[in-house]
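Just below is one structure, and these are the notes that go with it.
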Amino acid sequence: MIKVLLVEDDHMARQLLEIYINKSEKYTLAGSAESAMFAEAFCHTHQVDLILMDVYTAMNANGIDAAADIKKHLPHIKIVVITSQPECSYIERARAAGVDSFWYKSATAEEIISIMDRTLAGESIYPDTTPELQLGNTLSESFSERELEVLRLVVAGYTDAVIAEKLFISIPTVKTHIQNMKNRTGFRNRTELAVRARECGLIISDRKKDS
Amino acid sequence: MLSFHELPPFGKTIVTALFFIAFSLGICLIFAEYAKKYRLPKILLIVANLTSYTAMLLYATSLRSARLQKPVSAIAEAFCEWPVFILIQVLIIIFLYHSFVIIKEISYKKKTLTQSSIKEGIDKLSSGLCYYHDSGRIILMNSKMDSLSHSIFGRDLQNADLFLKNLREGLASPSVAVLSTDSQPTLRLPDGSAWMFTHSRLDNINQLVATDITHLQNIADELENKNEQLKALNLRLKKYGENVDELTREKERLEIKARIHRELGQALLASRRFLLSNNEEDDAPVERWQRIIALLHKEAVTQEDEKPIAMLTRAAKAMGINLEITGKLPLEHNVQLMFVQAAAEALTNAISHAGAKTLYMSFLHDVYDYIAQFTNDGAPPAAKIVEGGGLSSLRQKIEREGGTMIVDSHPEFTLTVILPMKGGDDK
């Protein structure tokens, strides 16, 4: 039996995933943790073959960052990161952290078990694109990389001057990006833009990354 | 040729009076030309005046002789024998020269700035202007600067150096708002106008300029207000970002509940199909029901404590690690979270490097800081610990909160975290 560590902060989602794992013939639950910050320690005390881990876990611990640490010290453990958030940067960050597979929680039990099977077989499963999101009058894919970077910092609550400093661009350029996004979405102000972007999951503030 | 003696008395008086007029006019012009640079006009005026004066004097003497009916001066009598025609010509030349000097003087006045015109000009400036020596003695100052001195200090501007010094020290009347006291003092007067004073050095004199920046200051004030509003807005956005995490979780839970609901519907359908077909080998409905019952059962019986320390305790228990806690974990949520994150890192190190079975945690505080210390009962580090991903990431988080992290390798592994007290705890 393949031993799985489940890292998920929401107890209902965790229980559902535990049932998926326990009901499968191939996998058995090695343990569950609410926060990604306990994952590595757990792997040192238990035999774990695969980790099924959420991105955003309890106590602000990010599953992708924890995966990077685990891959550094315990590279043999396969890691599948799952999320319900369509945050555009997660896929790229997961690849950079060495996460074996990345998928969305909206998948069925069979799909999740299939991804775990294929990951153990050596495949790396990633979605081709992030889910398309409606943001005001436009779709999330209409935003450029730079606009998303600016939007991420707007959502984090930074002023134009700080955003300009962080992205090494001028303040008028920041204003232009924000204005362009407002024009396309039809939102009246930056607050509405930031709130809607956060609500629909296009941008998830990560204090570590955004600070 | 007609001489002075041969003129009628009225003619004599007229000629004498004309020379007197030429003399008087010459005197005025000499005064006007006195300060000028060129000498020739001055010499010519002196010559013309001497000529006029001499002629006037000699004719006046001759007229006196005629009134007394006896000669007073032989020179005067001889002079009066000269043809009047020549003297009239001299008179015309003198008047022509005087006219030329007058025209030139008018033209000069029109083209040249005088001290008074400079004063008049700078008085019309909307800015305040003052030139002064190093001692503070004023060379030139306009009325605006003087009026500013009255508005700011309630007195005349007599020593510009002292005036500037007082401005830089912000020693203005109570009704004046000092906006800045740096190298360019800026003040807002009771009438609402804002003035900026700029000092500069020109060769060996000082220039002080007061510029009306009311409009600029109003825009700056407006900008500052907007920035304050923006800061408040961004702060609200940050708070919202924190609250929205919970909203996201709620959404996620709702989705799971919807999924369970769907599965329940499918189980009912499968059960109905099973009952209708009466196929005893089909165990799909049973599996579906088992899965739903397991989930609903867990949901009903599980009531987990979501406090960070409770999560840490559960995780440690799952790993077979004993936690020994001394002191009381601070109540401040952020501090608690940071200490538990440090504990998690200490737990990872205790297990992976020391093979420990117990993690010791002590929490204490002084007047300014919360202090947490973590050790374990495992093997002490063989060499000095080099901070890797976990510890260095923790250090970043702690230092971002204004705290300090200390990692000791000897005599045993000790992780100390110090976080500043921000209030809100009952200690």
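A, B, ... follow the sequence lines: proteins, then strands. Residue 1 opens every chain.
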Q: Drop me the distance from B/Q341's CD to A/M59's CE, to the nearest 0.5 angstrom.
A: 7.5 Å
Q: Compare all side-chain heavy atoms of A/F38 with those of B/R314 and state whether any distance is below 4.5 angstrom.
A: no
Q. If you look at every heavy atom in A/E40 and B/T348, which pair is closest and at what distance?
A. CD-CG2, 3.8 Å
Q: Please check if atom CD in B/E399 has more than 12 non-hydrogen atoms from other residues, nucleotides or ligands closer than 6.0 Å.
A: yes
Q | Non-hydrogen atoms of B/A318 and A/H46 that approach each other most closely | A | O-CE1, 2.8 Å
Q) NZ of A/K175: more than 12 outside heavy atoms within 6.0 angstrom? A) no
Q) Backbone N or O of B/M319 within a donor-acceptor pair of the A/H44 side chain at under 3.5 Å? A) no
Q. Distance from A/M37 atom CE to B/M311 atom CE, nearest 0.5 Å?
A. 9.0 Å
Q. Would the number of heavy atoms belonging to other residues, nucleotides or ligands and lying under 6.0 Å from NZ of A/K23 be above 12?
A. yes
Q) Taking B/L337, B/N227, B/L230 one by one, which has the highest count of heavy-atom pairs under 4.5 Å against chain A? A) B/L337
Q) A/A13 versus chain B, heavy atoms under 4.5 Å apart: side chain, backbone, both or neither? A) both
